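Structure, as structure tokens:
Below, chains carry the letters A, B, ... as their sequence lines are ordered, and counting in each starts from 1. Heavy atoms only: backbone and side chains are in, while hydrogens, waters and symmetry mates are out. Nothing here was measured: the structure is a model prediction, and the numbers come from that model.
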2 protein chains.
Amino acid sequence: MANINDIAKRAGVSVSTVSRVLNHNPYVSEEKRAAVQRVIDELDYTPNRLAVDLIRQETRTIGVIMPYNNNQAFDQLLHGVLNRSAEHDYSVMVLPTKYDQVKELRSLDRLKNKQLDGIILTSRSNAWDAIVPYSKYGAIVACEYTDHPEIGCAYMDRYASFVDAFRLLRDKGHTRVAFTTARGEESNSTRLTFKAYEHIFGELPPAYHISDCYSMEDGIRAAKQLLHAKLRPTAIYANGDEVATGIYQYARSIQLEVPEDLAIIGQENQPVGIGLGFSTVDHQLVKVGEQAFDLIVEKSRDKIEIPYHIIIRQSI
Amino acid sequence: MANINDIAKRAGVSVSTVSRVLNHNPYVSEEKRAAVQRVIDELDYTPNRLAVDLIRQETRTIGVIMPYNNNQAFDQLLHGVLNRSAEHDYSVMVLPTKYDQVKELRSLDRLKNKQLDGIILTSRSNAWDAIVPYSKYGAIVACEYTDHPEIGCAYMDRYASFVDAFRLLRDKGHTRVAFTTARGEESNSTRLTFKAYEHIFGELPPAYHISDCYSMEDGIRAAKQLLHAKLRPTAIYANGDEVATGIYQYARSIQLEVPEDLAIIGQENQPVGIGLGFSTVDHQLVKVGEQAFDLIVEKSRDKIEIPYHIIIRQSI
DNA sequence: ATGAAAGCGCTAACAA
DNA sequence: TTGTTAGCGCTTTCAT
């Protein structure tokens with residue numbers, strides 16, 4: 001590939017002039033500009049992006065840390081980010097981590113090694129203390145609330161949404177309510193679920209909580225345990241409509257009617273939930289992703305709460 | 001941030017030695033190696049990735065051109081790519097194009113400007129003649145069949161799968177069969193659907209085909225038209241289980257029973273299809289994505305066919 | 001085993 | 001308005 005020197009030589013100008021043409025600097029005479037442009041077209045020249053980014057100390061590229069890529073919720077967040085990045089002419093790198101702490105830190109290293117201008121954490125495995133120091137190398141925005149002033153966040157009030165959902169079930173007369181979560185107590189979101197549960201129903205019977213639920217299969221596994229507990233729950237709050245689908249499938253397979261024998265409420269208003277008529281807590285993850293992106297480009301460390309909606313359908 | 005010169009100075013060695021340590025070159029004495037490592041740790045140094053990529057003329061990063069990011073099928077392909085890229089320590093950049101030809105070419109430019117080593121085309125809007133020239137700058141792999149020798153591909157035999165699906169419906173006694181597609185006749189995949197239809201059922205009544213279907217809402221729109229045609233179809237083959245869900249919803253809303261009044265068959269075996277019990281043509285898109293990635297890293301231009309499966313459930 | 005020096009391809013301060 | 005030149009931060013010959 002030709003480089004800027006080749007262009008300069010053939011156009012009979014200096015590299016600075018070529019650079020000026022490339023960057024639409026007005027201080028170039030029309031003749032020289034035309035001459036340079038002609039050579040650029042002739043040689044089908046494109047500036048090397050690595051060289052440009054290296055000297056500009058900026059890449060207009062951000063990373064999205066996504067623990068799992070078989071989970072619709074993370075896809076929704078990513079889609080929000082992509083919506084905005086396309087508008088702002090930013091590039092997006094996907095950084096899968098499988099909740100591996102080392103992989104997560106290696107991903108954050110990309111701020112330090114200047115490959116990325118910013119990183120969006122859709123979730124995280126490391127403690128904040130391990131993450132915050134990276135904010136000195138680039139913008140970090142989380143999709144959960146944190147009061148670390150160095151970290152911007154686009155978040156949903158998970159505690160409030162869980163309380164609302166549990167209260168809804170209680171008001172419908174349910175007292176034996178179980179729920180599923182993605183991760184265990186190492187996750188802040190899971191801890192908030194516990195607190196919300198206790199606030200509404202009091203102490204949680206251990207048998208009423210199943211973790212590690214990401215997919216429909218996980219939902220089936222959860223249902224197998226929950227629906228054969230000594231005191232069968234009459235309602236289940238699933239973390240995601242796909243997990244809810246697994247629960248629904250298994251419930252039907254053992255002749256339970258929904259919602260008569262078992263009420264189900266899901267999360268994130270995913271297609272499958274719409275199709276099956278699940279009530280769902282919609283945290284508006286696409287909007288969360290969009291907002292997270294905006295915070296990154298604005299280099300803002302604001303804490304923006306995205307409202308959630310509970311959508312009532314036939315499953316409760 | 002410290003750079004390699006700072007490290008060299010403080011360690012009392014030359015930059016070449018630091019570089020050797022960084023790249024695990026064996027020709028470094030243990031003392032110098034240790035000295036260098038000590039300074040690296042002290043200064044918390046990380047090599048600048050742009051500078052490394054610039055001089056190595058390689059980025060270990062590939063791009064995935066995805067027209068839409070509200071479509072599960074593209075997500076499945078992306079997930080396949082991400083599965084493999086994580087294993088091979090490659091990075092992945094997502095390139096949304098909305099089927100805009102110019103955006104698509106700008107994305108391909110990233111091969112030319114050395115930002116990307118290869119690009120996977122999950123779909124495309126430009127003619128091959130416009131795309132093929134870019135293969136001189138980096139590996140291009142498509143998720144559809146093409147006989148251009150410069151382009152590798154991981155593809156499914158769409159014609160055969162369409163013929164199978166239509167034949168299945170015909171064998172069930174259906175003669176009035178409609179279908180939906182993503183794009184119109186500008187798409188090769190759509191043209192293959194037409195050919196398959198004609199092979200099984202003969203001439204296609206224009207009212208039996210609806211294009212621009214990507215989401216559930218599109219499915220509802222399609223159903224509104226199809227189910228009010230003069231001669232109502234008795235079966236619909238939807239391009240995707242989400243679209244099928246929209247059709248299902250609308251059919252139920254006008255009191256049609258599935259499959260008694262209307263048979264539905266979807267595509268890609270997505271969660272919603274499993275939940276609603278749709279029969280579906282599974283093109284194994286995750287595998288396609290995985291295979292596409294492998295072709296890129298192997299710099300292979302092979303044409304690899306991924307087998308499809310028809311999964312029979314209650315909807316037909 | 002080690003270092004000096006020549007790039008990779010570009011931008012921008014400075015001088016003219 | 002234009003050109004010269006000094007980097008950006010690294011790898012890799014080529015000597016020694």
Side-chain angles (χ1 to χ4, degrees), chain A residues 1-40 43-61 109-117 137-138, chain B residues 1-40 43-61 109-117 137-138:
Chain A
M1 255 293 283
N3 64 25
I4 200 173
N5 289 295
D6 303 332
I7 306 296
K9 233 166 269 175
R10 287 189 59 148
V13 300
S14 73
V15 293
S16 351
T17 299
V18 178
S19 176
R20 289 189 187 100
V21 172
L22 254 19
N23 297 290
H24 308 102
N25 181 316
Y27 295 109
V28 183
S29 67
E30 182 47 31
E31 309 93 86
K32 301 234 173 194
R33 207 204 55 73
V36 168
Q37 191 57 56
R38 193 173 319 115
V39 178
I40 286 178
L43 270 55
D44 194 26
Y45 165 77
T46 308
N48 183 308
R49 176 73 182 261
L50 296 172
V52 174
D53 289 352
L54 175 60
I55 197 156
R56 288 222 177 112
Q57 314 263 47
E58 186 195 38
T59 60
R60 292 186 74 81
T61 303
D109 271 339
R110 291 165 190 266
L111 292 175
K112 201 163 138 192
N113 69 24
K114 302 270 111 196
Q115 197 180 180
L116 259 27
D117 293 349
Y137 304 113
Chain B
M1 255 295 283
N3 64 26
I4 198 172
N5 288 295
D6 303 334
I7 306 296
K9 233 165 271 176
R10 286 188 59 147
V13 300
S14 73
V15 293
S16 346
T17 298
V18 177
S19 176
R20 288 190 187 99
V21 172
L22 254 19
N23 297 290
H24 307 102
N25 181 315
Y27 294 110
V28 183
S29 67
E30 183 46 32
E31 311 91 86
K32 301 232 174 195
R33 209 205 53 72
V36 168
Q37 191 57 55
R38 193 173 319 114
V39 177
I40 286 178
L43 271 53
D44 194 25
Y45 165 77
T46 309
N48 183 307
R49 175 73 181 262
L50 296 172
V52 173
D53 289 352
L54 174 60
I55 197 155
R56 288 222 177 114
Q57 315 263 46
E58 186 195 38
T59 60
R60 292 186 74 82
T61 303
D109 271 339
R110 290 165 189 266
L111 292 175
K112 202 163 138 193
N113 70 26
K114 302 270 111 197
Q115 197 180 181
L116 260 25
D117 293 349
Y137 304 113

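- Of the candidate nucleotides C:dA1, C:dT11, D:dG9, D:dG9 has the atom nearest to the side chain of B:Leu54.
- For the pair A:Arg33 CZ and D:dT2 C1', the computed distance is 16 Å after rounding to whole Å.
- At a threshold of 4.0 angstrom between heavy atoms, the contacts of B:Lys32 are confined to the sugar-phosphate backbone, with no base atom among them.
- Closest to the side chain of B:Tyr45, out of D:dC10, D:dT11, D:dT2, is D:dC10.
- The CZ-P distance, from B:Arg56 to D:dT11, rounds to 5 Å in whole Å.
- Note on A:Ser19: every side-chain N or O is 4.0 Å or more away from OP1 and OP2 of C:dC10.
- At C:dT11, one or more side-chain N or O atoms of A:Asn23 fall inside 4.0 Å of OP1 or OP2 (strictly under the cut-off).
- Residue B:Ile55 places its side chain closer to C:dG7 than to any other of C:dT2, D:dG9, C:dG7.
- Atom-to-atom distance recorded for B:Asn5:CG and B:Arg10:CZ is 14.0 Å, nearest 0.5 angstrom.
- Each of B:Val52 and A:Glu31 was assigned the nucleotide of DNA chain D with the nearest heavy atom; the assignment lying further toward the 5' end belongs to A:Glu31.
- For the atom pair B:Arg49 CZ and A:Asp53 CG, the distance stands at 12.5 Å (nearest 0.5 Å).
- Put simply, the side chain of B:Ser16 and the base of C:dA4 share a donor and an acceptor less than 3.5 Å apart.
- The closest side-chain heavy-atom distance from B:Gln57 to A:Met1 is not below 4.5 Å.
- Residue side chain B:Arg20 reaches the base of C:dG3 through a donor-acceptor N/O pair under 3.5 Å, judged by distance alone.
- Closest to the A:Ala51 side chain, of the nucleotides D:dC10, C:dG9, D:dG3, is C:dG9.
- Candidate nucleotides C:dC8, D:dT2, C:dT2 were compared by shortest atom distance to the side chain of A:Tyr27, and D:dT2 ranks first.
- Remark on DNA chain C: of its neighbouring residues A:Arg49 and B:Glu30, the 5'-side contact belongs to B:Glu30, judged by nearest-heavy-atom nucleotide.
- For B:Asn3, a side-chain nitrogen or oxygen approaches OP1 or OP2 of D:dG9 to under 4.0 Å.
- Taking atom CG on B:Asn25 and atom P on C:dA1, their separation rounds to 9 Å, with Å as the unit.
- Looking at heavy-atom distances under 4.0 Å, B:Thr17 makes contact with sugar-phosphate atoms alone, never a base.
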